[in-house]
Amino acid sequence: MDKFVVRGGNPLLGTIRVSGAKNSALPCMAAAILTEDEVTLENIPQVRDIETERKLLASMGAEVELGYGRAQHRTTISCRNLSDPVAKYEIVKTMRASSLVLGPLLARCGVARVAMPGGCAIGGRPIDLHLKGLEKMGAVITQEHGYLEAKTPRLRGAHIVFDKITVTGTEDLLMAAVLAEGETLFENCAREPEVTDLAAMLTSMGAHIEGAGTPTIKVRGVARLHGVRHRINPDRIEAGTFLVAGAITRGDLIVANCNPAHLGAILSKLEEVGARVDILSSDSIRVRADGALKAADISTQEYPGFPTDMQAQYMALVTQAEGVSQVRENIFENRFMHVQELNRMGANISVEGRTATVRGHSHLSAAAVMCSDLRASASLVLAALVADGESILDRVYHMDRGYERIEEKLRGVGAQIRRMGNVFAPREEPGNAD
Ligand code: EPZ
């Protein structure tokens with residue numbers, strides 16, 4: 001199992017580059033199922049979840065090229081021959097976002113067999129809203145031996161109001177609706193940039209979609225979609241993680257290849273904490289923090305509110321702020337796995353239900369800590385960057401799922417971090433993944 005060795009104390013200085021968004025690339029790769037033509041996606045991040053999606057599509061009969069040549073991170077996918085519309089448990093158990101193939105398979109093939117994703121470290125992660133919407137569009141779905149069996153002669157348009165805002169639920173059903181017969185009206189949709197990115201790709205393929213990025217999306221189904229070349233959005237959570245890294249190390253960091261328009265809530269909170277944030281251009285932001293940091297509360301919300309995927313990283317930051325910060329997690333029921341590890345490094349955090357109380361300013365000292373999920377791992381790296389001494393972070397395969405070569409990027413701006421073990425070798429990871 002790979003580990004990171006991190007020696008704290010260096011301010012991050014210079015320019016760090018953001019990769020493409022994992023959570024955009026995953027639905028966009030699944031959207032290739034919707035056409036017989038070739039689909040090319042650019043700005044794909046070199047992370048484990050993309051490799052998992054490649055294996056998943058290939059296992060169904062798709063031809064998937066995935067290249068990380070010097071200039072281009074790109075994949076070309078052809079789903080002309082989808083011989084086996086099945087998402088097998090061996091793959092789904094390592095990445096629950098595999099359920100994103102359900103809607104496209106039903107829309108393209110009229111049949112799908114998808115292993116139930118099960119829960120993960122941060123929560124139960126049900127997909128009942130996906131299934132409820134697909135049934136309303138005419139799918140017949142049964143559950144047997146841990147698999148969902150879904151079939152339909154042809155999906156038809158419907159009026160679907162999501163009981164809860166769900167990102168992949170919105171994406172899954174959007175992909176089902178674009179080939180359905182007639183019009184579909186979605187209400188209470190997720191507004192995340194990843195939904196908008198997928199809708200832009202589908203529109204370029206010939207879909208008729210209005211309202212992506214708002215709570216109400218209207219789709220007029222078409223008979224078929226054609227191929228496309230589409231560039232994936234920058235990863236707003238990776239960008240936010242690097243902005244926090246610049247602030248927590250009291251550095252002077254430029255985060256490049258990002259989209260400031262997707263980072264409003266994060267930038268505003270960084271300023272409230274006392275960091276200096278300057279938007280330099282349409283794709284770069286400068287963050288500095290040389291004075292004391294001040295405590296500030298957050299409450300995670302759906303986009304455009306403060307993202308749950310930045311909650312753990314923010315918590316590491318406010319361990320270094322003067323005063324008491326309340327961190328409330330409203331989206332997932334168990335997303336405080338990083339708390340005990342941060343406390344082992346000297347933080348002073350207590351949890352009551354969905355609220356963590358962070359008493360700063362703590363002196364963090366290096367320790368051997370365990371990564372538990374993707375964003376908790378990022379939180380531990382941030383804490384280790386300012387801890388006194390050398391920390392050892394175990395099970396960094398969690399990070400490799402969603403951060404491209406993060407140790408190389410951080411070393412490039414002055415962090416003392418190195419990996420022990422082989423570099424990013426895609427392999428099965430034990431247990432369920434978030
Ligand atoms: C997406 O997960 C992201 N993953 C998550 O990022 C992110 O944390 C989450 O959205 C929230 O922003 C991808 O895009 C691949 P949800 P998703 O459906 O779609 C409940 C990361 O770190 N719910 O928006 O699975 C659910 O339990 C990952 O990159 C239902 O009850 O999240 C949760 O409480 C982690 N029934 C809430 O809704 C459903 O059918 C929001 O979940 C679906 C969801």
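Read the numbers this way: they start at 1 and go in the same order the structure lists the ligands and their atoms. Scope of the values below: all heavy atoms of this structure, side chains included, with no hydrogens, waters or symmetry mates.
Considering backbone and side-chain N/O atoms, Leu129 comes within less than 3.5 Å of an N/O atom of ligand 1. Among the atoms of Phe332, none of the N or O lies under 3.5 angstrom from an N or O of ligand 1. Here's the thing with Asn23: one of its N/O atoms is less than 3.5 angstrom from an N/O atom of ligand 1. Residue-to-ligand polar distances place Arg375 within reach of ligand 1: an N/O pair is separated by less than 3.5 Å.
Contacts with ligand 1 closer than 4.0 Å are made by side-chain heavy atoms of Asp309 only, the backbone lying farther away. Contact annotation for Ile331 and ligand 1: heavy atoms of both the backbone and the side chain come within less than 4.0 Å of the ligand. The residue Glu171 has no part lying near ligand 1, judged by heavy-atom distances below 4.0 Å.
Within the set Arg335, Gln301, Lys164, the minimum heavy-atom distance to atom 35 (C) of ligand 1 is found for Arg335. Proximity annotation for atom 44 (C) of ligand 1: of Ala378, Pro126, Ala376, Pro126 comes nearest, heavy atoms only. For atom 24 (O) of ligand 1, the nearest non-hydrogen atom from the set Asp235, Leu26, Val167, Thr168 comes from Val167. Nearest to atom 18 (O) of ligand 1 by heavy-atom distance, out of Asp49, Thr166, Thr308, Thr300, is Thr166.
Using modelled atom types, one finds a donor on one side chain and an acceptor on the other under 3.5 Å when comparing Ser299 with Gln301. In summary, the side chains of Glu149 and Thr142 do not present any donor paired with an acceptor at a separation below 3.5 Å, with no hydrogens or angles considered. Neither side chain, Gln313 nor Ser379, offers a donor N or O lying under 3.5 Å from an acceptor on the other. Using a 3.5 Å distance cut-off with no hydrogens or angles, the side chains of Thr308 and Arg335 do pair a donor with an acceptor. A donor-acceptor pair shorter than 3.5 Å can be found between the side chains of Glu187 and His159.
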Take Arg419 and Asp400, measure what salt bridge (Lys or Arg N to Asp or Glu O under 4.0 Å) needs, and give me the verdict at the end. CA-CA 11 Å; Arg419 179 186 292 257; Asp400 290 334; 2.7 Å; yes

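Assignment of Lys22 to the shell around ligand 1 is supported, since a heavy atom sits closer than 4.0 Å. Heavy-atom separations between Ile165 and ligand 1 include at least one value shorter than 4.0 Å. Not close to ligand 1: Glu302, with no non-hydrogen atom less than 4.0 angstrom away.
Counting heavy atoms from C-beta on, the side chains of Glu404 and Asp235 never come closer than 4.5 Å.
Other residues, nucleotides and ligands contribute over 12 non-hydrogen atoms within 6.0 Å of the CZ atom of Arg411. Heavy atoms from other residues, nucleotides or ligands lying under 6.0 Å from CZ of Arg328 number more than 12.
Applying the ring-ring contact (aromatic ring centres under 6.0 Å, His included) criterion to Tyr314, with sequence neighbours excluded, gives Phe306.
Atoms of ligand 1 found under 4.0 Å from any heavy atom of Ile127, numbered from 1 in the order shown, are 39 (C), 40 (O). Distances below 4.0 Å separate heavy atoms of His130 from the following atoms of ligand 1: 40 (O).
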